[in-house]
Amino acid sequence: MAGKADWFANGLPREGTRTASPQIGDLLRRDVPVCHLGDCVDEVLQCVPMTDWDQCLVVNSAGVVLGLLRGEAWHAAPDAPVELAMEAGPTTIRPNRSPSDIRAYMRQHGVASVVVTSPAGQLMGLVERQDIERCLAPAVQPHQGSSRAQRGPPRVEIGYKLSCEEHSPSTLVSHAK
Amino acid sequence: MVEPSGQREPMPIEIRRDEVCQMMAGGAALVEVLPAEEYEAEHLPGAINIPLPQLDRQTTAVLQQDQPVIVYCYDAQ
């Protein structure tokens, strides 16, 4: 039986005095590219640079995060399936975590971004450390999104968009063949 | 539970998030039974607060009898 903890962990609306404080869900980048296990690395690699991202999340048909393609993974054999090249099971967090907690985690582990999912593992987006740092910076100026956010969603449409639900990440490679 | 009138009261059923959304859209009432401080800090949109120790006929009189009532706390624990 789920209660309000589950509701907030899914990034659903909330009311109350605590809503004045931002949560990770408020800083999400939802336009992160995604691909699937059976895609070829080369196929994904051709598409990702055109989205302003340097990484790509691997999801199943239900949108559950399975892995992450970035860094060394791009040097895998071009015809290798994503499944063999990806970092399996990346660390994920829920959208109702506090930015200060996640900033501490990111600083400690030296990571620039973290994957945000629902409790069921479905991709919600990705949060970047630069956005968190900006959010938590002394209030010299109002919070602004990152340059990526200001530019909006990817300017280049690649392949097919399989899932067009609100907040759905962009699907880079389609299996509707 | 059987009322003094002999009528049987509907028993509570467990529902999920999507059902909560549907029922809220249909006019169901939301009641958080956690302490007032926790409710004030953060609660579901539109919920009212009736802390569990205060949950009785008098405090629930504000609820419409002909509408479903969704009662929630923090989690399953």
Side-chain angles (χ1 to χ4, degrees), chain A residues 1-28 30 59-65 92-103 116-125 127 132 135-136 143 163-169, chain B residues 1 8-65 67-77:
Chain A
M1 190 183 303
K4 74 175 185 179
D6 176 72
W7 182 271
F8 299 138
N10 277 277
L12 293 168
R14 58 200 178 110
E15 292 177 349
T17 55
R18 199 176 291 159
T19 58
S21 305
Q23 294 185 324
I24 285 299
D26 300 320
L27 304 172
L28 274 186
R30 300 181 189 273
V59 299
N60 68 10
S61 58
V64 172
V65 175
T92 64
I93 58 171
R94 306 292 86 77
N96 60 331
R97 294 295 304 271
S98 82
S100 58
D101 286 351
I102 300 307
R103 178 176 66 177
V116 182
T117 71
S118 71
Q122 290 174 312
L123 178 63
M124 301 181 77
V127 64
I132 296 176
C135 172
L136 297 175
H143 168 250
S163 174
C164 297
E165 293 176 9
E166 188 180 8
H167 305 322
S168 291
Chain B
M1 185 180 295
R8 188 171 291 275
E9 282 190 346
M11 294 299 292
I13 58 169
E14 182 179 336
I15 59 173
R16 302 272 172 198
R17 275 192 317 278
D18 52 350
E19 294 170 289
V20 172
C21 296
Q22 290 170 13
M23 292 177 70
M24 286 168 65
L30 264 178
V31 178
E32 178 168 319
V33 294
L34 293 167
E37 310 83 65
E38 292 188 43
Y39 167 83
E40 286 163 10
E42 200 170 37
H43 55 264
L44 272 63
I48 64 168
N49 182 221
I50 307 177
L52 194 58
Q54 300 166 26
L55 196 64
D56 56 25
R57 290 187 183 281
Q58 189 175 0
T59 55
T60 57
V62 296
L63 300 169
Q64 290 187 23
Q65 300 298 309
Q67 291 289 340
V69 178
I70 304 169
V71 179
Y72 71 90
C73 57
Y74 189 74
D75 59 17
Q77 304 303 313

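So that the names make sense, note that chain A is the first sequence line, chain B the second, and so on, each numbered from 1. What you are looking at is a predicted structure, and each value in this text was computed from that prediction instead of being measured.
Residues Pro45(B) and Pro13(A) come closest through the heavy atom pair CD-O, 3.2 Å. In terms of heavy-atom proximity, Glu15(A) sits nearest to Leu44(B) at OE1-O, 4.1 Å. Annotation for Lys4(A) and Glu42(B): closest pair NZ-O, 2.5 Å, computed over non-hydrogen atoms.
Glu40(B) places no side-chain N or O within donor-acceptor distance of the main-chain N or O of Thr17(A), the cut-off being under 3.5 Å.
The CG atom of Asn10(A) sits 3.5 Å away from the CZ atom of Arg17(B) when rounded to the nearest 0.5 Å.
Of residues 30-37 of chain B, those residues lying under 4.5 Å from chain A by any heavy-atom pair are Glu32(B), Leu34(B).
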